[in-house]
Amino acid sequence: MNTRDKLDYFSHELIDYLYSESDPKVAEPNEEEKEKVRQLLANSLSNNLTGNIVELFKKLKELRRDALSPEVFDISRSQLEELAVKHQEIDEHQVSIGGRVDRALPIVEEAASRVSNYLEQKDVEAPSGIELWDQISANHSRIKQILGMDDKDWNSFSGQLKFAIESLDTLGRILNLPAKALEEVSRVTSNYRMRLTPYYAGLIIPENINDPVLLQSVSTGEMIDNAGIEIPPVAADHSPARLIDQFYPRVVTIKATNMCAMYCTHCLRIAHIGKKDRIYGLEAYEEALDYIKSDTRIRDVLITGGDSFMLPNEMLRRILNELDSIDHVRMKRLGTRIPVTTPQRLNSELLDILEESNDHKPVRVVTQINTAQEITPVSKEAFKQISKRVSSVMNQAVLLKGINDTEVKMWKLCETIHEAYVRPYYIFNCSYRNPQFSHLRVPVEKGRDIVESMYGNISGDAIPRFIATAGGKIPLHRSNVVRAENNELILRKPWSGEEVAYPDAVLDQYEDQDFAFSRLRNA
Ligand SMILES: *Cc1c(COP(=O)(O)O)cnc(C)c1O
Ligand code: SF4
């Protein structure tokens with residue numbers, strides 16, 4: 001085979017271009033350019049690296065655009081063909097120079113342009129709690145002092161709960177909110193309960209007028225003004241047994257507590273978490289477990305609330321043990337926001353309980369993080385510890401106006417939690433059932449744009465599914481199957497809109513059951 005024949009289509013195309021007739025414009029290379037080309041050529045010949053050859057071809061391509069062909073630099077076509085072959089032979093996967101310079105590199109460059117705005121904006125528009133840590137630490141010291149907490153109080157879950165901010169007065173002392181704002185909040189606190197742990201309150205950046213952590217934890221008057229006809233809570237028509245909610249044949253939830261360490265302004269369970277903390281009697285759990293025992297189709301049980309980590313360790317251990325002892329229950333989930341709102345809850349006993357149960361049957365922890373700001377070095381450490389003990393840690397975010405309703409904010413959230421050992425699982429469209437927080441809702445179309453913008457731009461396992469809750473979880477994604485023609489589908493790349501043909505499986509072939517070993521037996 002001669003040199004030319006060893007080259008692929010892409011390389012021929014590239015070399016043909018370099019030697020094609022120049023434009024009428026007569027260009028003269030300057031000395032600097034000549035020296036540069038001489039140097040690149042020498043490098044390409046002197047060792048066995050692909051980079052030099054790529055640089056040379058890139059430079060020649062650039063010069064050709066200025067109407068300077070390689071001949072101007074005394075480089076012959078056969079010399080370039082030999083270098084092209086050399087490149088292909090060095091490369092472990094025989095990638096040709098044409099494929100690399102004319103296709104792969106421009107594709108990478110084009111792809112990079114899709115993330116340039118994000119890379120510029122992400123730390124400005126959506127700083128994480130890790131990036132804000134100095135400021136958050138200062139907030140923590142200030143709050144600790146104002147509330148009169150000592151280190152022991154601060155570092156314990158009981159201390160965080162004991163000093164939780166539940167009154168307008170305390171809120172005013174730690175946040176220095178204007179009187180008008182406090183008045184607004186007071187319209188709500190008389191009807192709905194407010195609670196922020198001192199740790200979580202410290203994540204609020206007071207200079208931000210609509211700080212996303214503040215919006216999630218302190219309600220404004222809209223909550224009262226929006227009040228319209230409230231649709232009965234999910235449990236009203238989906239609770240077949242005490243503490244149980246059920247939409248699906250094989251997955252049920254136990255609402256094991258109505259307590260949370262902080263109360264969200266957008267809480268879907270606002271009716272359950274109600275007005276006042278309640279401790280449930282053992283017989284309530286027994287009735288719930290009896291229901292699960294009696295239906296052998298149930299394989300996956302979610303312990304939720306409220307927040308499942310509000311349960312004392314002993315109660316969690318007991319429920320997990322009971323579930324592990326039911327043969328048809330094969331997996332468990334624990335719903336909790338506490339690693340984000342009050343990471344002080346984690347202790348070695350809790351981690352041991354998780355690991356022990358996970359050793360029997362998989363445990364997944366499902367959390368709720370809505371902004372990158374909620375991931376601090378402390379919550380990241382909490383998730384790291386949890387992730388070592390359970391089968392997976394997943395996030396269910398809620399799409400909320402002003403909180404995470406831009407591409408930059410949502411990408412940053414997904415990447416930040418991904419790096420904090422948490423896998424993005426769902427993004428919920430904010431529920432229509434509770435008019436109280438309709439001022440936080442985002443149109444579905446906007447949510448679809450945001451979620452779809454992630455495809456092809458961030459890691460696939462950091463892309464959540466976009467879900468509406470309406471008597472079960474309904475995926476809201478657009479279809480990327482544009483149309484079908486004969487045996488071919490036309491697919492749309494979500495990141496560019498480009499349509500590509502995708503040949504489907506051949507139906508006759510699919511329907512032929514006599515294949516693989518069966519075909520051999522019958523032969
Ligand atoms: C969310 C939820 C589930 C779990 O749904 P997945 O799609 O499996 O995460 C099950 N039951 C109820 C009542 C729920 O609210
Ligand atoms: S943690 Fe969950 S249950 Fe508790 S207030 Fe927030 S959304 Fe509601």
Side-chain angles (χ1 to χ4, degrees), residues 164 166 192-197 200 213 215-219 223 233-241 243-278 288 291-292 295 297-311 329-342 345 362 364-370 374 392 394-400 403 423-431 433-434 436-437 440 464-476:
E166 299 186 339
Y192 296 99
R193 134 172 105 161
M194 174 176 75
R195 178 187 285 162
L196 294 86
T197 54
Y200 195 68
V213 175
L215 287 187
Q216 286 183 66
S217 48
V218 178
S219 292
M223 193 147 179
V234 166
D237 44 355
H238 288 285
S239 180
L243 303 190
I244 301 279
D245 278 353
Q246 184 168 15
F247 298 139
Y248 308 127
R250 310 205 68 193
V251 192
V252 301
T253 67
I254 306 182
K255 291 165 290 173
T257 169
N258 80 334
M259 295 186 265
C260 300
M262 66 78 69
Y263 290 109
C264 309
T265 54
H266 55 275
C267 176
L268 177 74
R269 297 185 181 274
I270 197 160
H272 306 294
I273 65 169
K275 317 259 168 184
K276 166 166 180 291
D277 291 348
R278 276 187 64 185
Y291 178 80
I292 294 167
D295 187 344
R297 287 165 296 209
I298 297 170
R299 73 179 270 281
D300 186 5
V301 178
L302 277 74
I303 307 170
T304 150
D307 191 309
S308 68
F309 279 13
M310 285 301 281
L311 296 169
V329 172
R330 301 298 166 86
M331 5 241 300
K332 294 106 20 181
R333 279 187 242 184
L334 292 166
T336 177
R337 251 203 122 170
I338 280 177
V340 197
T341 65
T342 331
R345 168 69 176 90
R364 293 101 86 216
V365 167
V366 183
T367 190
Q368 185 197 144
I369 311 161
N370 295 321
E374 291 160 274
S392 61
M394 304 188 286
N395 187 49
Q396 304 189 144
V398 184
L399 180 63
L400 295 162
I403 293 174
R423 163 98 158 76
Y425 176 43
Y426 282 154
I427 292 177
F428 292 124
N429 198 247
C430 187
S431 168
R433 283 183 95 112
N434 308 82
Q436 295 96 326
F437 39 78
L440 296 174
R465 269 171 284 163
F466 183 37
I467 300 288
T469 309
K473 296 181 176 71
I474 304 172
L476 291 169

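Whatever order the structure lists them in is the order used to number ligands and atoms, beginning at 1. Residue indices begin at 1 and follow the sequence shown.
Contact atoms of ligand 1 toward Asp245: 13 (C) (distance under 4.0 Å to a heavy atom of the residue). Each of the following atoms of ligand 1 lies closer than 4.0 Å to a heavy atom of Lys473: 1 (C), 2 (C), 3 (C), 4 (C), 5 (O), 7 (O), 14 (C), 15 (O). Contact atoms of ligand 2 toward Cys260: 1 (S), 3 (S), 4 (Fe), 5 (S) (distance under 4.0 Å to a heavy atom of the residue). The Tyr425 neighbourhood of ligand 1 comprises atoms 6 (P), 7 (O), 8 (O), 9 (O), with distances under 4.0 Å to a heavy atom of that residue. Per-residue contacts place Phe247 under 4.0 angstrom from the following atoms of ligand 1 (heavy atoms of the residue considered): 12 (C), 13 (C), 14 (C), 15 (O). Numbered from 1 in the order shown, with element, the atoms of ligand 1 that lie under 4.0 Å from a heavy atom of Tyr248 read 3 (C), 5 (O), 10 (C).
Arg333 counts as a contact of ligand 1, since one of its heavy atoms falls under 4.0 Å from the ligand. Ligand 2 lies within reach of Gly306, whose nearest heavy atom is under 4.0 Å from it.
In this structure, the side chain to side chain contact (heavy atoms under 4.5 Å, CB included) partners of Ile403, at least two apart in sequence or on a different chain, are Pro212, Leu215, Gln216, Asn370, Thr371, Leu400. Not a single salt bridge (Lys or Arg N to Asp or Glu O under 4.0 Å) links Arg423 to another residue, sequence neighbours left out.
Arg345 places a side-chain N or O within 3.5 Å of a backbone atom of Phe309 that can act as its donor or acceptor partner.
Considering both main-chain and side-chain atoms, Gln246 never comes within under 3.5 Å of ligand 1 through any nitrogen or oxygen pair.
In this structure, CZ on Arg333 lies 8.0 Å from CE on Met331, to the nearest 0.5 angstrom. Put simply, OH on Tyr263 and OG on Ser217 are 13.5 Å apart, with the number rounded to the nearest 0.5 Å.
Geometric assessment of Arg465 against the ring of Tyr426 yields a negative cation-pi assignment under the 6.0 Å and 45° thresholds.
The closest side-chain heavy-atom distance from Asp277 to Arg195 is below 4.5 Å.
Residue contacts with ligand 2 for Gln368 involve side-chain atoms from C-beta outward but no N, CA, C or O (heavy atoms, distance under 4.0 Å).
Here Cys267 reaches atom 8 (Fe) of ligand 2: one of its N/O/S atoms is less than 2.8 Å from the metal.
For Thr336 and Asp307, the side-chain atoms include at least one donor-acceptor pair closer than 3.5 Å.
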